[in-house]
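Beneath this line is the structure, given in structure tokens, with notes to follow.
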Amino acid sequence: MPTASSARLIRRWTTTAAVLFAVALAGCGREASTPSDSADQAAALREEAVLQAGDATVRASVIPTTNVGAAIATQYGIARSEDSVLLMVGVRQGPQATETSLPATVVASVRDLRGVRQAIAMREVRSGDSIDYVGTATVAAPDTLRFDILVQRQGKPEARLQFSRDIFPR
């Protein structure tokens, strides 16, 4: 019989696999791009930005909201739209196969190529013992978005994760 810890891990991997599967399928059926372009774009967006912050690992990923399945969109409380992306941030501790979620305060913003800055309203989403922080940003593809994420855990120094992602039209 699975332990509570292994059940949480299975739920987390199932949710992550569902999101990644949705992203992988998103390029199917598009006429304007070649298969290698679609695969390259999907792979670039799926790639996590990672920061080791003391005893914790901060992971962030960006997904066009149209690539998020309806059930996940409902769970995360987001609207699916051609002109928005989902920022998902997780703060974890321990080895990747057995890591645990850590509570934190996550503040995020994004700048586009024109230098226009948007604050991203991040909210906590819990699924069992798993905690993620999610928010959406508006984008007019094609664009390159520069994300700036501040993570504050109680009693720990603030951690800053910065990364860029290229966003292409569908």
Side-chain angles (χ1 to χ4, degrees), residues 1-33 35 37-50 56-94 96-110 118-143 145 147 149 151 161 163 165-170:
M1 176 169 207
T3 66
S5 171
S6 65
R8 284 190 307 270
L9 183 60
I10 291 167
R11 276 194 310 272
R12 172 130 176 89
W13 282 107
T14 301
T15 300
T16 301
V19 170
L20 292 176
F21 183 69
V23 170
L25 286 179
C28 296
R30 294 188 330 192
E31 297 175 14
S33 61
D37 290 343
S38 296
D40 292 345
Q41 292 171 22
L45 285 173
R46 275 195 316 263
E47 182 179 325
E48 289 183 325
V50 180
T57 304
V58 178
R59 289 189 182 87
S61 57
V62 178
I63 305 166
T65 58
T66 54
N67 293 1
V68 176
I72 300 294
T74 300
Q75 178 185 357
Y76 287 177
I78 63 164
R80 298 165 65 203
S81 169
E82 290 286 332
D83 64 350
S84 68
V85 293
L86 170 69
L87 172 64
M88 187 164 55
V89 178
V91 183
R92 308 288 189 256
Q93 185 176 45
Q96 191 166 1
T98 60
E99 63 191 1
T100 58
S101 294
L102 298 173
T105 300
V106 177
V107 177
S109 65
V110 64
Q118 294 178 58
I120 301 174
M122 300 296 287
R123 65 188 168 285
E124 183 179 284
V125 176
R126 289 182 179 254
S127 177
D129 290 336
S130 180
I131 305 170
D132 287 309
Y133 301 90
V134 300
T136 58
T138 303
V139 62
D143 206 343
L145 301 178
F147 292 88
I149 302 167
V151 176
L161 175 60
F163 64 97
R165 288 296 180 265
D166 293 324
I167 309 296
F168 298 98
R170 292 193 47 129

Backbone N/O of Ile63 and side chain of Arg165: donor-acceptor pair under 3.5 Å: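 Answer holds: no.
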
Between [X] and [Y], which heavy-atom pair has the shortest distance, and what is it?
X      : Y      : answer
Gln75  : Val125 : O-CG1, 4.0 Å
Arg123 : Tyr76  : NH2-O, 2.9 Å
Val134 : Met88  : CG1-CG, 3.9 Å
Val151 : Ala104 : CG1-CB, 3.9 Å

If I take atom CE from residue Met122 and atom CG from residue Leu87, how far apart are they, to the nearest 0.5 angstrom?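 CG of Leu87 is found 4.0 Å from CE of Met122.
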
Nearest-0.5 Å distance, CZ of residue Phe163 to CG of residue Leu161: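 Result: 6.0 Å between the selected atoms.
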
Any luck finding a side-chain donor-acceptor pair between Arg92 and Thr100 under 3.5 Å?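 No, no side-chain donor-acceptor pair sits under 3.5 Å.
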
Does [X] have any side-chain contact (heavy atoms from CB on, under 4.5 Å) partners at least two apart in sequence or in another chain, and if so, which?
X      : value
Thr65  : Ile78, Ser81, Ser84, Leu86, Thr136
Ala140 : none
Thr74  : none
Ala56  : Val91, Leu102, Arg153

Got a sec, which residues hit side chain to side chain donor-acceptor pair (under 3.5 Å) with Gln93, two or more places apart in sequence or on another chain?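 With neighbours one apart ignored, the set is Asp55.
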
When you compare the side chain of Tyr133 with that of Ile149, does any pair of heavy atoms fall below 4.5 Å?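 No - every pair of side-chain heavy atoms lies 4.5 Å or more apart.
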
Would you call Leu145 and Val85 a side-chain contact if the rule is heavy atoms closer than 4.5 Å?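 Of all side-chain heavy-atom pairs linking Val85 with Leu145, at least one is under 4.5 Å.
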
Please list, chain by chain and in numerical order, all residues satisfying salt bridge (Lys or Arg N to Asp or Glu O under 4.0 Å) with Glu124, sequence neighbours excluded.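 Glu124: salt bridge (Lys or Arg N to Asp or Glu O under 4.0 Å) contacts with Arg126.
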
